[in-house]
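Okay, structure first, notes after.
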Amino acid sequence: MSRKLASWDTAIILLTVLVLIIASLAVDNFGTSRNFTFMVLDLLPIILVALPMTFIIVTGEIDLSVASTLGLTSSLMGWFWNHGLSIETIIPLCIVIGAVAGAFNGFLITGLGLPSLAVTIGTLALYRGLALVVLGDSAVADFPFNYTGWVTGTLSWLPWLDGAVPNVLILIVVLALIFGVILHATPIGRSLYAIGANAQAAHFAGIRVARTKFWLYVVSGAVAGLVGVLWTLRYSSARADNGAGLELAVVAAVLLGGVSIFGGKGSLPGVLAGVVLLTALQNALRLEDVSGQALNIVTGALLVLSVLLPNVISSIRGNWQRRKLRQSAAS
Amino acid sequence: AGCGGTTKDNQSSSTDTQTSAAADPNAKLKEGLKIAYLPKQLNNPYSDVETSGGEEAVKELKGEYKKVGPNDASASSQVSYINTLIQQQQDVIVVAANDPNAVCPSLNQARAAKIKVVTFDSDANKTCRDAFINQATTEGIGQSLAKMALEQAGGSGDIAVLSATPNATNQNAWIEVMKTELAKPEYSKLKLVKIAYGNDDDQKSFQEAQGLLQSYPNLKVIVAPTTVGIAAAARYISSSSYKGKVQVTGLGLPNQMRQYVKDGTVKKFALWNPADIGYLAAYAGAALASGQITGAEGDKFTAGKLGPYTIGKDGEIVLGPPTEFTTDNIDKFNF
Amino acid sequence: MAEAAALLEVHDVTKSFGAVAAVQGVSFPLYGGEAHALVGENGAGKSTIVKMLAGVHRPDTGTLRIEHTDVDFTGPADAKAAGIAVIYQEPTLFPDLSVAENIAMGNQPLTRLRQIDRPATHANAERLFQRLGVHLDPTRPARGLSIADQQLVEIAKALSSEARILIMDEPTAALSAVEVARLFAVVRSLRDEGAAILFISHRFEEITELCQRVTIMRDGKHVATELVADLTVDDMIRRMVGRDLSALFPKQEVAPGEVMLEVSGLTREGVFRDISFTVRAGEIVALAGLVGAGRSEVVQAVFGVDPYDSGTVRVRGRSLKRGSPRAAMAAGLALVPEDRRQQGLVMELSIERNVTLPRARKLARLGLLFGGAERKAALTWTQKLQTKLGSLADPVGTLSGGNQQKVVLAKWLSTSPQLLIVDEPTRGIDVGTKAEVHRLMSSLAADGLAVVMVSSELPEVLGMADRVVVLREGRVAAVLDRAEATEESVMYAAMGQGAA
Amino acid sequence: MNLLKTRELGIVLALAALVLFTTISNPRFLSGQSIRDNLLNTAILAVMAAGQAVVVITRNIDLSVGSVLGISAFAVATMMSDHPGLPMIVAILVGLVVGAAAGLLNGVLVRYGKVPALVVTLGTLYMYRGITYSWAGGSQVNADELPPHFLNFANDNLLGVPWLVLIALVVVGGTSWVMRNYRVGRELYAMGSSPQAAELAGIKVARNLLGAFVLSGALAGLAGVLFAARFGTVDASAGTGYELNVVAAVVVGGVAVFGGSGTVWGAGLGALLLTVISSALAVLDINQFWQQAIVGALIVLAIGADRLVAVRIARSLRKRDAHV
Ligand SMILES: Nc1ncnc2c1ncn2[C@@H]1O[C@H](COP(=O)(O)OP(=O)(O)OP(=O)(O)O)[C@@H](O)[C@H]1O
Ligand SMILES: Nc1ncnc2c1ncn2[C@@H]1O[C@H](COP(=O)(O)OP(=O)(O)OP(=O)(O)O)[C@@H](O)[C@H]1O
Ligand SMILES: [Mg+2]
Ligand SMILES: [Mg+2]
């Protein structure tokens, strides 16, 4: 089973590399440094939200409220800005508010024992609604250029890279490393898999299941808050409807990366590859003037095929081996 | 804000990228221009009509027409498409902004890459486009809405507005004008009881219309300044016991409204010809790209069959007054 | 009665899982009116044979024959249709459905409109429970049943289908003597009605008591099929292990040390009441009683995985935080739970991760865990317990039942506890390893470890324990010293007046 | 069955409280037209929730229902505008068949492709929607292109009960009945309760699972027909985002996300509750900006109430066990 899983991760990573190479060769303007920056900016929110989402799905739960938390912090950011708070205060404040929203999810799920899918469908509506309450139909747009410019800008202290490395890439790499190491090389990571695969056995092994899950939701909320800030700065527009629908894109990417929706299985490199694959493919197809509708079909088909193909291949291989065994026994 | 952080008051304003080359009114319109349309979202019948006008104009101009766009009306997906258009080095981007500010940095990147940006339907911040095709003046539409409401209510009574999303730029501007209008003495017997939002979603608008009638038994007119809202409200009224008692008016597409005009649910509604908007945008874009105009106030150009236009304040180009549709003339229109 | 036509024949079947050859060329017949035992060490391939007969696995090579016709089962439905009923080694109930529905699933009695006849379903369950002497409410959901009760429901389920061939994979592993006796009575009557029985157990007294014929397996291969009457227990063990075994319960005498565990007045409403006992270093204290007496609940409350309402638990004089397994582990406790599938193991995870799960934090360097550390830690104890496995990186779910149990033991022994609580520690473990486990417990106790042992196997209780605490219906019925504890005295206390 | 102990009690109570509160502040909420509107609005959601409940009970999920509704609504509307003479029953059958085909593909991928249902149906959610978009290409079917008998179906009634409501009642009632009293229903519960045990018990898992997905697809297809008839205007985006509403209805209705428990009529009640919440907010004249927040809060509250009832039952069970 672990071998099969490994092949799923590897398959996605290989496929991603393949798509990147083919696109660079075959699609005009794909391999340019400016397009690279555009791509990184496009995948920024998905990849950041996907990090804690991977943890949560590995423990067998889900958080559908992330995009709404993002919208809420974006709204609040605009509200605070209108009320004269400084950006340096607003950013940590928004992250904390995101964490509080996550903590509320966590409390309902671990404290009251409600199913996470149901709870976060509820808070998906609730947080988006609160975002509307805060900012209503207005948008706040006059954020300072040194912040909005940083999010869309590229590293300037690396002149020989010629503006090829977007600033936010550093953030992505650092956070991905932290989350990756925690998931794959620490006792916490081990306990997450155990919780996802068998919460009762984890409890018997002295793992504090409820507390761990609670903190995952807090982290998920905090990251959503951070992404709310980045989103607002990137588009220099604080609005209540920012990021609507992002949750499905994130869940799709995480599943594409080989994480089992039932918990206990999956790896972070796979998820990262999943996000990159989806974004790169969409970018390349857009450059080739493939319509948005066809993008839908491609995304959907990719999601299904990425899981279907390894299964089909392994079952064909299994049948073939069995037949060989039978033949050798007969002779 | 005493701690020296970056606050609203001490930020430096962003740089103005307005081009200042002089216009050459005698420049010939270039052929082979790549003109790309980016509506608010694809598969919206209204914007399909708009862009069909654009396609016609681009053909006349012997240019390359292209239409791209997201499936959802969000600013963030539009930005991805603007980025793609920059990469593809289009000559003109004609865009209906989903958020006036969110698309700004990308549009300015496009202009830095020598692409002309024309907005239509819904404007972007004026610092990040070269021209804006306005279907009608905000005042014109607001006044026309108020006038139609007064007529249909028979001079007095409760009216309600069924709008698009709570943060739709156009609708909010029109509603504001309508409110100022209603404050005038000749409207004193009209009472605006509620502004409901159907989010430009057919079903939500339908349910909001239901809610209005349940909450306000004395309602006389629903004013829906959006094509989705007016169709949904008309459909609900035409199939309910309120038919004939409550009037629906606002902005709608003749094809969608024909049935309700004929069955008496709707007496009068208004709209400009959307195809002309796209048509005009193509000519404005071509004129910009050919150096005929720069987008400055007073520049003049000719837009094919629509004739001559002059650029107004802030780069605005006004299409003309809206058309009113009634039983008498509706069969003359097909869009 | 033997040598009649074989009802079912296993003919030269082979089954491999990847590199593991679980069954290699095994053949034996099952006759109607006869109980046939299948014995072998853990991982010998018994359950794999069962699963082939049940249609779960398809043999790689070889055939199954029913009344001299080859059959090819594509799934459990085929086997069922061919008249085979199976009790799997691990219970397979539907937790959300009622006990009665669990029993009836697949052949519910129907009314004329082909609707399910609920009253008849319940009546059926009641009738089967009466026959097995079980007290269970047929309308309660299966969720939360103790492992023994689950096993009893499984038995009722298999009996309800009135199959010609009944296959039982360690049905008695979780049962105590009383239930086993009732089960055997029922099975005998089925056998006498002409059914063929395949019976798997690691308890030889059960085999000699019930079975006429025995097939012995070793490492996936067929060793012998003989009449039980022609063999002694030692013969069987020698053939199955390939060598002689020494004495079974090598209990070492130890002078008890300080009081390690002191439980007083422990109560959980509706489950157990006013439980008190103490355990000293070096002592082995057994909790005995009938199935459902509440023994598992008591030790789970002590370890903190379950809550309790009142009473105290003290470890070396200091009271232990309630409801926190982590605090219990910090105080030197370890609990080997009774249900390895639900409580003991994470089936999808590898063997090494399972073994190191409770002490991953101790193995980490600077907060980071490296695969090598886990592997080394896991290797020590799995080897000591002679676990039969392919690679430590395999998911634990691919091991045989007994070897899974060894992984659970390894997991907790590797935390070097000072007080070890074991709940049915040798359930499903083969005779050779069982001796090894007992020797280990005994020697650990000699080194000063305190042991609390819950066991339904009376010989194990009597052989190992310094003291026996007998529970009955959630209360302490008697505390017996090693000298006082006999089969009669323990059973008498466990069943209350009127029995034994 | 003891009504006081069913899991659905919490929803019924929440519903009653909501209706009572709204009616006190605006008595027109209980007027004939209003009740009719609420039931009509519930009908489409309830039909989809019935199918979804069956799928969720088997420990799967069908996220593609919104897209299936879209494709069926568009197909049927196009067909009816091209052939206005076709009777209503043909429209319904075509909707059912289109939906069933989409559901069958889902089921086949889940069962034979061994792909988790969430992944499959998230994928087909995108795919079916993309197909509808490509097909429609921005066109729209308007009410004036549809034959009157088709549009009137949404308003006509049988003995005072609108057809739509009647259909929803039959679907929810019939499905609940089968799930409770027939073998196949109990097998679906068993499959959700323990998939491995279901295989071992010889249940025809493949057949049942395909059946569940086909049912969910077919009902989403039926919902598409009802949608087209009721709303008259159909474009390619019909039903976008419905999947979350349907799943919310099912979950609020007390069906466990991990399968094996809950009832179809509970899901129907969940659909009713969600619909009544949003129409009550419109009637109560609550600030538009607060509405969504309140819907969210009420969903959380309803799940909490349901949980409270469940805990009550569990406790009383334990007490009863203790007396044995
Ligand atoms: N699904 C599987 N995948 C891989 N290996 C397996 C699988 N099932 C069984 N095995 C292996 O096959 C061998 C035989 O296992 P089996 O369960 O038949 O043993 P057993 O005789 O029933 O042992 P026990 O007495 O412990 O129950 C073991 O080595 C086991 O690890
Ligand atoms: N979660 C639960 N919910 C309801 N009843 C339970 C639960 N767990 C156990 N019981 C019941 O409590 C009683 C005590 O069970 P327990 O498992 O402690 O017995 P035991 O003496 O350990 O027997 P066994 O030998 O089966 O382990 C049994 O009747 C059991 O059915
Ligand atoms: Mg076995
Ligand atoms: Mg026990």
Side-chain angles (χ1 to χ4, degrees), chain A residues 1-6 58-60 177-178 180-212 259-267 314-315 317-331, chain C residues 12 14-16 18 25 58-62 300 303-306 324-330 333-337 339-350 353-354 356-371 374 391 393-398 408 411-412 415:
Chain A
M1 201 175 272
S2 73
R3 238 173 292 136
K4 197 175 107 192
L5 250 184
V58 161
T59 62
L177 269 179
I178 294 176
V181 167
I182 291 179
L183 185 62
H184 293 297
T186 66
I188 299 174
R190 298 286 190 272
S191 63
L192 297 184
Y193 284 97
I195 291 172
N198 184 346
Q200 199 185 357
H203 176 55
F204 271 70
I207 292 166
R208 290 179 288 202
V209 176
R211 186 180 302 204
T212 309
V259 177
S260 160
I261 193 65
F262 298 112
K265 283 177 214 154
S267 80
S314 86
S315 94
R317 202 192 290 155
N319 278 346
W320 183 71
Q321 267 169 359
R322 219 173 82 94
R323 193 164 318 136
K324 216 173 60 178
L325 258 173
R326 282 208 167 255
Q327 276 164 0
S328 68
S331 59
Chain C
D12 198 22
T14 306
K15 178 80 199 172
S16 313
R58 269 168 102 170
D60 290 336
T61 65
Q300 284 173 18
F303 188 65
V305 291
D306 279 355
S324 166
R326 186 170 279 221
M329 284 162 64
L333 268 62
L335 168 68
V336 175
D339 184 347
R340 59 175 171 259
R341 262 162 60 92
Q342 303 298 329
Q343 305 167 333
L345 295 172
V346 185
M347 288 299 169
E348 288 94 336
L349 290 192
S350 66
R353 295 223 174 146
N354 267 287
T356 55
L357 195 58
R359 58 194 203 104
R361 282 189 309 161
K362 294 216 185 72
L363 291 174
R365 296 274 142 73
L366 298 171
L368 297 184
L369 262 180
F370 299 99
E374 287 171 294
S391 150
D394 288 342
V396 79
T398 62
V408 186
K411 166 176 162 178
W412 287 108
T415 63

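All values reported here derive from a predicted model rather than from experimental measurement. What you see below is based on every heavy atom in this structure, not just the backbone, and it leaves out hydrogens, waters and symmetry mates. We name chains A, B, ... by the order of the sequence lines, and we start the count at 1 in each one.
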Approximate separation, where rounding is to 0.5 Å, of C/Leu345 CG and A/Gln200 CD
12.0 Å
Minimal non-hydrogen separation, A/Ala205 against C/Met329, with atom names
O-SD, 3.5 Å
Residue selection (most heavy-atom pairs with chain A, distance under 4.5 Å) from C/Ser16, C/Pro59, C/Gly344, C/Ala334:
C/Pro59
Residue among C/Asp60, C/Leu349, C/Asp12 with most heavy-atom pairs under 4.5 Å to chain A
C/Asp60
Residues in side chain to side chain contact (heavy atoms under 4.5 Å, CB included) with A/Ile178, at least two apart?
A/Val174, A/Ile182
Under 3.5 Å, side-chain donor or acceptor atoms of residues 358-369 of chain C against the rest of the protein: list the pairs with distances, not counting sequence neighbours.
from	atom 1	to	atom 2	distance (Å)
C/Arg359	NE	C/Ser414	O	3.2
C/Arg359	NE	C/Ser414	OG	3.3

Say whether, by atom type as modelled, one donor and one acceptor occur between the side chain of A/Asn198 and the main chain of C/Gln343 under 3.5 angstrom.
no
Side-chain touch C/Gln300/A/Phe204, heavy atoms, less than 4.5 angstrom:
yes
